[in-house]
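In what follows, chains carry the letters A, B, and so on, assigned in the order in which the sequence lines appear, proteins first and then strands, with residues in each chain numbered from 1. Since the structure is predicted, the reported quantities are computational estimates derived from the model, not experimental observations.
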Amino acid sequence: MTKTLMRALSLGLMTNMGATLLPVLVYAGTYDLTVDKVLIDTGEFTKEGIGYNGKSPGPVLRFKEGEEVTINVANNLDETTSIHWHGLILPYQMDGVPKISFPGIKPGETFTYKFPIVQSGTHWFHSHSEFQEPDGAYGSIVIEPKKKEPFRFDRDYVVQFTDKHPHSGKRIMRNLKMAADYYNRKQQTLSDFFSDVKKNGFGETVTGRMDWGGMRMMASDIEDVQGFTPLINGMGPDQNWTGIFTPKERVRLRFINSSAMTYFDVRIPGLKMTVVAGDGNYVQPVTVDELRIGVAETYDVIVRPKEDKAYTIFGASMGRTAYARGTLAPREGMVAAIPEMTERPLLTMADMGMDHGNMVGMDHSSMKKMDHSNMKGMDHSNMKGMGSEEDAFYAVGSGLAPAAANGGKFLSYSDLKAQKPIYEHRKATREIELRLTGNMERYIWSINGVKYEDAEPLKLQYGERVRFKFVNETMMTHPMHLHGMWSILDVGAGKWNPAKHTISVAPGTTVYSETEVDAEGQWAFHCHLSYHADAGMFRKVVVEGGPKSASLNSSEEGVLQ
Amino acid sequence: MTHMLKLLPATLTAFTLLAPVTSLAEDPANIYYGLQIEEFEYRYGEGGEELFAYDADAFIGTDELKLRWEGDGEYDINVKKFESLSNQLALQTPISDFWDIKGGVRYTSPEGPDRWYGVIGLSGLAPQWIEVDSHLFLSEKGKLSADLDMEYQILLSNYLILTPSASVDVAFSSDREIGVGSGVNSVEAGLRLSYDVWDRAFSPYVGVVYERKFGQTANFIEAEGESADIWYAVIGAKFMF
Ligand SMILES: [Cu+2]
């Protein structure tokens with residue numbers, strides 16, 4: 001890294017002069033990454049994993065918009081690896097998905113990525129091979145924009161959330177296949193049954209349990225994989241990552257969720273967070289008390305701690321089985337109270353997607369029963385703050401609909417409006433329905449009922465604007481990630497709909513996003529929960545008919561060999 | 001076990017032969033494997049009988065096709081012989097969201113004459129989380145029999161689990177040589193209290209088992225001077241790898 005740093009420094013100097021003297025000069029940084037076996041110490045356990053430049057998480061790669069980057073990735077593992085630059089717009093051969101964009105990086109091999117940086121903002125990178133990402137192969141990317149940022153800040157920190165598990169990714173997948181509830185240690189027990197009987201009466205409780213049992217599904221099935229330690233920038237709750245500030249400074253926090261499986265509800269008690277960017281793109285600022293960051297998403301927020309005291313950055317996992325903790329403090333070593341986690345949510349029948357195909361067998365009488373149990377579900381889930389506005393991105397009566405712990409404002413997708421739309425707004429030329437499907441018991445995840453290994457690639461035409469209709473027919477929340485092109489999330493704001501790379505689809509909901517098909521080649525499109533992607537909720541996307549497509553076909557052999 | 005090992009590569013070849021029919025992407029199907037020992041226990045009976053009993057199950061394969069070995073046995077510690085010993089190897093495939101069918105062979109080799117059987121089975125998860133495993137056997141002597149196993153888990157906590165189970169053996173004609181009469185032969189009911197000590201990989205338990213033989217089978221047993229029904233206290237452990 002030292003060589004790279006020096007080079008980057010000299011480039012920086014050249015840049016400063018170049019800005020006035022040589023406007024044609026293109027920045028060209030070279031970066032070296034090694035992929036290594038590393039030890040990861042979470043404060044609760046130490047586990048062998050995979051990292052970059054000897055560490056997990058890997059370094060923060062700092063690029064500049066307009067730069068032509070060269071990244072040498074040396075594989076020191078004894079297995080094939082790859083790096084995917086999550087959220088970056090680049091030629092598909094540089095996208096880093098083995099068997100789709102390139103063959104992967106063999107042990108002992110160095111692969112050179114070379115691509116122009118055509119955007120700015122907060123992004124991240126990770127391995128797209130096997131279970132290397134859950135095993136620790138991730139890092140962050142910060143891209144400085146060409147133009148002045150549309151907000152002010154005095155400090156700038158990456159806050160990268162991960163969910164380190166004592167088991168290797170491979171072992172977790174195998175255990176889930178043996179017993180889908182292997183890691184679910186928050187199942188409803190006999191004593192929950194008795195306390196529900198006390199609360200709701202015997203008949204209701206039995207009926208409710210029978211409804212779930214009849215479907216062979218669990219209301220407690222929110223996090224497939226529990227037992228992990230949440231980390232912030234590689235540090236566990238006790239290791240307490242700390243960012244220093246001077247009171248009244250504006251601090252920019254770049255939240256990145258690089259977890260394998262875990263959504264986090266993030267808050268900083270005592271501070272409001274102004275969300276200024278989502279997935280690396282500026283949004284119209286919205287001030288919130290709490291936000292939920294889906295797997296693979298990024299949010300930039302500005303906070304302004306005024307007092308000379310410490311503040312806790314608190315990220316409770318969506319299923320409330322664990323929390324990430326860090327601190328913002330005026331001085332090293334200061335800590336603030338760690339808040340209690342709010343009550344553990346339970347899924348309701350609304351989350352089971354009663355409107356969808358998989359529930360066709362239910363008759364009206366049982367529908368009524370279900371409505372009833374919905375209401376119960378709402379009662380004991382955390383609906384406190386929900387009085388006035390319902391979040392359109394959750395099923396009505398969903399047990400997962402979030403509420404701010406302090407009763408304040410919780411960020412909704414509906415609040416995200418683009419600061420400056422990337423594309424001209426136009427009507428989509430075609431709609432593609434993607435039903436998110438699965439079988440929890442068998443731990444099979446699929447799209448339109450077909451697993452990746454059995455699926456034809458999804459073919460898109462260069463130049464079209466496709467409207468994706470995601471219909472979540474499962475009980476899980478799926479963060480759907482399209483590589484190479486933006487997903488413009490339909491929040492009902494027309495031209496101000498925000499461009500994202502990851503669209504979280506809650507159970508029992510239908511969500512739309514539109515994509516301007518402007519990148520030829522072949523791309524991955526998948527659920528970003530590691531074990532869902534591996535189980536089959538994955539598609540290859542082929543963009544045909546682009547300006548370079550004639551040469552693309554003939555060069556394909558060369559690229560893929 | 002040796003025949004199983006020989007069959008294994010052959011079956012794996014069968015996967016790869018079957019795979020291209022459905023597979024369109026270049027990615028091959030993921031292969032998973034696992035081993036579970038549901039019962040591995042010492043049984044102490046009313047009359048001072050001491051048994052060692054186990055019930056195990058291993059698989060390898062894809063979501064669509066698995067090769068599954070199931071083995072169980074009861075060893076009488078006092079007289080040093082296997083009262084029952086069975087190994088089964090079957091191919092298993094899903095037929096619905098929660099149910100699989102399987103087909104293969106079973107070989108029983110306790111003390112006394114051995115038997116080969118052709119097996120078809122149905123296993124899965126019934127509504128209300130009842131695990132079901134059932135088989136229909138046709139022996140080399142042309143005798144038809146069946147069994148049915150059911151199991152349910154009551155979570156006292158997320159680690160302390162009470163598991164009632166029941167199994168029934170039925171024969172449709174008698175096979176005197178191996179002491180099987182026609183009709184319901186035996187019923188076994190168990191109640192085990194386990195604690196997950198190490199993930200779900202190792203869970204020691206204590207419990208009780210009630211076993212009762214019926215009809216001609218009971219007569220055969222009683223003729224040998226044993227009792228047709230018996231209570232056992234059991235101590236053992238579950239394993240999952
Ligand atoms: Cu998913």
For A:M210, does the CE atom sit with more than 12 other heavy atoms under 6.0 Å from it, leaving out its own atoms? no

Which value, rounded to the nearest 0.5 Å, describes the distance between B:F59 atom CZ and A:M178 atom CE? 6.5 Å

Interface check, chain B: of A:Y182, A:F193, A:Y443, most non-hydrogen pairs under 4.5 Å belong to A:Y182

Side chain from CB out, backbone as N, CA, C, O: work out which of these in A:M218 comes under 4.5 Å of a heavy atom of chain B, or both, or neither. both

Check the surroundings of atom NZ in A:K106: do more than 12 heavy atoms from other residues, nucleotides or ligands lie under 6.0 Å from it? yes

For B:A126, which atoms come within 4.5 Å of any heavy atom of chain A: side chain, backbone, both, or neither? backbone

Chain A contact via B:L125 - which portion, at a heavy-atom distance below 4.5 Å: both

Output the distance between atom CZ (A:R174) and atom CD1 (B:I31), rounded to the nearest 0.5 Å. 13.5 Å

Test item: B:D63 side-chain N/O and A:I444 main-chain N/O as donor-acceptor pair under 3.5 Å: no

Any chance you could lay out the salt bridge (charged side-chain N to carboxylate O under 4.0 Å, His left out) test for A:R442 and B:D97, step after step, and finish with the verdict? CA-CA 8 Å; A:R442 297 185 186 280; B:D97 277 355; 6.0 Å; no

Neighbour count >12 (heavy atoms, 6.0 Å) for atom OH, B:Y42: yes

For A:G214 against B:Q128, the heavy-atom pair lying closest together: N-NE2, 3.3 Å

Check each atom of B:D100 against the heavy atoms of chain A and say whether the ones under 4.5 Å are side chain, backbone, both or neither. both

Chain A contact via B:Q153 - side chain, backbone, both or neither, heavy atoms under 4.5 Å: neither

Answer with side chain, backbone, both or neither: which region of A:R171 has an atom nearer than 4.5 Å to a non-hydrogen atom of chain B? side chain

Are side-chain heavy atoms of A:H167 and B:D199 found at a separation under 4.5 Å? yes

Any chance you could measure B:L155, atom CG, to A:S220, atom OG, to the nearest 0.5 Å? 9.0 Å

As an exercise, state the distance from CD1 of B:I161 to OG1 of A:T189, rounded to the nearest 0.5 Å. 11.0 Å

With no hydrogens and no angle check, is any side-chain donor or acceptor of B:R200 less than 3.5 Å from a backbone partner on A:N175? no

Can you tell if the side chain of A:K451 reaches within under 4.5 Å of the side chain of B:N30, non-hydrogen atoms only? no

Select one option (side chain, backbone, both, neither) describing which atoms of A:D534 are under 4.5 Å from chain B's heavy atoms. both

Quick one: are B:F98 and A:M215 in side-chain contact, heavy atoms under 4.5 Å? no

So, does A:R185 use its side chain to make a donor-acceptor pair with the main chain of B:Y159 at under 3.5 Å? no

Taking OH in B:Y33 as the centre, count heavy atoms belonging to other residues, nucleotides or ligands within less than 6.0 Å. Is the count above 12? no

